[in-house]
Each structure stands twice: as C-alpha cells, then as structure tokens.
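Written out below as structure tokens is the structure these notes cover.
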There are 2 protein chains.
Amino acid sequence: MRSQKRDFTIGALSKYSGVNIETIRYYEKIEIMPSPPRSQGGYRLYSESHRRRLSFIRRSRELGFSLEEIRGLLTLVDDKSYTCAQVENITVNHLNTTRRKIADLQKLEAVLDGMVSKCHGGHVPDCPVIDALSL
Amino acid sequence: MRSQKRDFTIGALSKYSGVNIETIRYYEKIEIMPSPPRSQGGYRLYSESHRRRLSFIRRSRELGFSLEEIRGLLTLVDDKSYTCAQVENITVNHLNTTRRKIADLQKLEAVLDGMVSKCHGGHVPDCPVIDALSL
DNA sequence: TCTTGAGTCTGTAGTTCCTACAGGGTTTAT
DNA sequence: ATAAACCCTGTAGGAACTACAGACTCAAGA
C-alpha cells in the first residue's frame, strides 16, 4: 500500500489551498507549479503533493517573498544535483531575510499589542505604529 | 528649539528610505504619502517625518502587507477621530495576521537552519522546506 | 438516455504595485 | 555662464494576479 492518490479537480485544489483557480493556472503557465495529468476530457487532475506545494507558495507569498525567491527555494526541492555550497548559499540568504522579517514583525506586534491594552483602558491611544518600523 | 527640519530632495529621500524615486512619486499619486512642499523651481522638499513614514511603508510591504492594509494602519496615525472600538478592531486584526506571519516564519527558519547544519556536516541534505508551510 | 446545471477549458483584457524611459526644466559647482 | 547632475510630468512596460467570454465536460436526476 503506497500512497493512494485520490485526484481532485482544480476547483477542489483551489478550496483546499486558498489559491484562486486563475492563479493556479497562471502558476502552471510560468512553471512554478507542474502541469498535472488530465482527464479524458482535458480536466486537470491534482493530488496531495500539488496541494502541499501550492500551499507553500501561497503562504510564502503572504510572507512577502517574490515568486522568483520561492522558485529558488523550490529548485532545492526539485533538483537533487546541487552541491553543498550552492544549497548553503541559497539557504543562508533566505534565512537572513527570514530572521529580519521575524524581528520586524515582533516590533510591530509589540506596538499593536500596546495599543490594544491602552484601548482596553477606555481612552483612544495615539498610534506610534510608524515608530516600530522606521529604522 | 523645536525640530529644525532640514529639507531634502526626492533623490536623498530615496537613498535614506530605500524606496525608488518613481515609487515615491507613485505613493504620492495614490495618496498614501502626502504631497510635500515644493521649491521655487518645483522640486519636492521632504523632511524627517516623510522619511519615517516612507520607511514604515517599505518595510511593511516587505512583510507582505498590501498598500490598502498599510493605508488602514496609517489612518490610525493620521486621523485622530476614531473611537476606541474602531481602533481596536483594526489593531486586533492586524495583530492576528502579524502573529500568524511570525509563526510561519519561525517554522521556515527552523527548516532552513536545519538544512544549513546538515550541510556543514558535509553532505547535501534534502530539502523539506515545503513541509514547513503546507498546513 | 437525455438533459441540465455546475464545473472546467483556453485566451484575452483588466488591476495592483511598481519600474523605466523620454523630453524637458532646475541646481550647483567650476 | 555653462556643463553635470538632478528633478519634473507623462506614458509605457513588467510582475503577479483577477475577471470575463465563449465553448466544452461531467455528474446526477427525470
């Protein structure tokens, strides 16, 4: 019993992944998602691995990575012929921007949290949100 | 001695904030940045508060917030006539997405960090990066 | 089996958020 | 005063979607 792959259509994939149907087809065209097999009538048939890849892309986009950055990471998944130095290069780079983003978001979190607390106190606080991310 | 505001041109603002000159003018057109005063010859003259606002926008964009989301936060800064309930609404919302993003980035960080360690060990690791953000 | 309605197909055009000129005026340093 | 470096407006292009239009497919019920 390997992986029974119950295929699903593009509409179902869209629901499971939170990505628009049109965007899914767009991702296939620019080759960041693979072309799936088709039914006799020409319908795209997806499986679990597609759903996982697509969810990864969506969430990475929400974190502010460009499709080219994501494509770079995904080649690490797809292409098994990298040297350690190449992998480390891509990975360390991504790790740096990831850590910077975490730090920024935590600053933002602190400011927003402070505002909510003050608001609970009853009077409208002024909003120092710019101070969090203005260098 | 209040704030001595040494004005600077759009090119300088671009350097200080890391935002392209064209993008700065675009932000003015869509009214997410205010129209600054002009010199006799028509040059835009910016001061420190512009720089801070613009840096905030740039870094928020890098964190994956849309201009509309950022505009929402900035109205909290600009408009002093909100009720506490309104402020809390906007803020709590933003706080939720912010925390979700932090959590996602931390998962990604762990995976990338793991890859780098394995790479230091000498042999090319396979890349479980999708697992970090595929639900 | 035939029909009907929801779902999918390709292709093209529109939106958002920039980015890159073109052709001209302004500043500043020599 | 004059050239280099900068800025102006306007328009056109690119990335990453998003929204049709018109035709085909599929599942389910009469």
Side-chain angles (χ1 to χ4, degrees), chain A residues 6-47 50-51 53-75 97 101 133, chain B residues 6-47 50-51 53-75 97 101 133:
Chain A
R6 329 261 244 96
D7 293 342
F8 37 88
T9 64
I10 198 169
L13 178 62
S14 172
K15 260 189 199 148
Y16 299 155
S17 66
V19 177
N20 269 356
I21 289 179
E22 284 89 352
T23 306
I24 296 172
R25 288 196 280 250
Y26 170 71
Y27 284 168
E28 184 181 335
K29 196 165 70 181
I30 65 169
E31 293 179 298
I32 198 164
M33 283 293 290
S35 302
R38 303 279 185 127
S39 72
Q40 295 88 324
Y43 280 24
R44 273 166 260 250
L45 295 177
Y46 295 99
S47 52
H50 293 103
R51 203 226 86 227
R53 189 186 180 96
L54 188 55
S55 294
F56 173 79
I57 295 173
R58 196 208 83 211
R59 296 176 79 185
S60 295
R61 288 290 297 132
E62 285 173 1
L63 297 173
F65 295 108
S66 70
L67 284 180
E68 284 320 299
E69 288 173 309
I70 297 166
R71 198 195 290 278
L73 269 191
L74 286 175
T75 56
T97 59
K101 284 179 187 204
L133 304 179
Chain B
R6 329 262 242 96
D7 293 342
F8 37 87
T9 62
I10 199 170
L13 178 63
S14 173
K15 259 188 201 151
Y16 298 157
S17 66
V19 177
N20 268 358
I21 289 178
E22 285 90 350
T23 306
I24 296 172
R25 288 196 281 251
Y26 170 71
Y27 284 168
E28 184 181 335
K29 196 164 72 181
I30 65 169
E31 291 180 300
I32 199 165
M33 282 293 290
S35 303
R38 302 280 186 127
S39 73
Q40 295 88 322
Y43 280 26
R44 273 167 260 250
L45 295 177
Y46 294 99
S47 53
H50 292 103
R51 203 226 86 229
R53 188 186 180 94
L54 188 54
S55 294
F56 173 79
I57 296 172
R58 196 208 82 209
R59 297 175 78 186
S60 294
R61 289 288 297 133
E62 287 174 0
L63 297 173
F65 295 108
S66 72
L67 284 179
E68 284 320 298
E69 288 172 310
I70 297 167
R71 197 195 292 277
L73 269 191
L74 286 174
T75 57
T97 58
K101 285 181 185 201
L133 303 179

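Labels below follow one simple rule: chain letters A, B, ... track the order of the sequence lines, proteins then strands, and each chain is numbered from 1. Only this structure's heavy atoms are used, side chains among them; waters, hydrogens and symmetry mates stay out.
We find that CD1 of A/Ile30 is positioned 7 Å from P of D/dA16, with the value rounded to whole Å. As a whole-Å value, the separation of A/Arg71 CZ from D/dA15 C1' is 12 Å. The distance from atom CG of B/Leu45 to atom P of D/dC6 is 16 Å, rounded to the nearest whole Å. Nucleotide D/dT18 holds its C1' atom 14 Å from the CG atom of A/Leu67, rounded to whole Å. Whole-Å rounding puts the B/Ile24 CD1 to D/dC7 C1' distance at 12 Å. Atom pair B/Leu13:CG and D/dC7:P shows a separation of 10 Å (rounding to whole Å applied). Across the protein-nucleic acid pair, B/Tyr46 atom OH and D/dC7 atom P stand 10 Å apart, rounded to whole Å. Distance A/Glu69 CD to D/dA15 C1': 13 Å, rounded to the nearest Å.
Listed pair B/Thr9 / D/dC6 fails the phosphate criterion, with no side-chain N or O lying under 4.0 Å from OP1 or OP2.
Aromatic rings from B/Tyr16 and B/Phe8 are positioned such that their centres are separated by under 6.0 Å.
Note that the first and last nucleotides of DNA chain C, 5' to 3', having any atom under 4.0 angstrom from a heavy atom of chain A are C/dG7 to C/dT10.
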- request: Start with the C-alpha distance between B/Arg58 and B/Leu54, add both sets of side-chain angles, then the distance that settles side-chain contact (heavy atoms from CB on, under 4.5 Å), and finish with yes or no.
  value: CA-CA 6 Å; B/Arg58 196 208 82 209; B/Leu54 188 54; 5.9 Å; no

field: Where protein sits on nucleotides 21-29 of chain D, one letter per nucleotide: B base, S sugar-phosphate only, - none, heavy atoms under 4.0 Å
entry: ----BS---

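Using a cut-off of 4.0 Å between Lys/Arg side-chain N and Asp/Glu carboxylate O, A/Glu68 and A/Arg71 are scored as salt-bridged.
Note that the CG atom of A/Leu74 and the CZ atom of A/Arg53 stand 4.5 Å from one another [nearest 0.5 Å].
By the 6.0 Å contact criterion, OH on A/Tyr27 is enclosed, its count of non-hydrogen atoms from other residues, nucleotides or ligands being greater than 12.
Residue contacts for B/Ile21: at a heavy-atom cut-off of 4.0 Å it reaches the sugar-phosphate backbone alone, with no base atom in range. At a threshold of 4.0 angstrom between heavy atoms, the contacts of A/Arg58 with the nucleic acid are absent.
Between A/Arg44 and B/Glu22, it is A/Arg44 whose nearest contact on DNA chain C lies nearer the 5' terminus.
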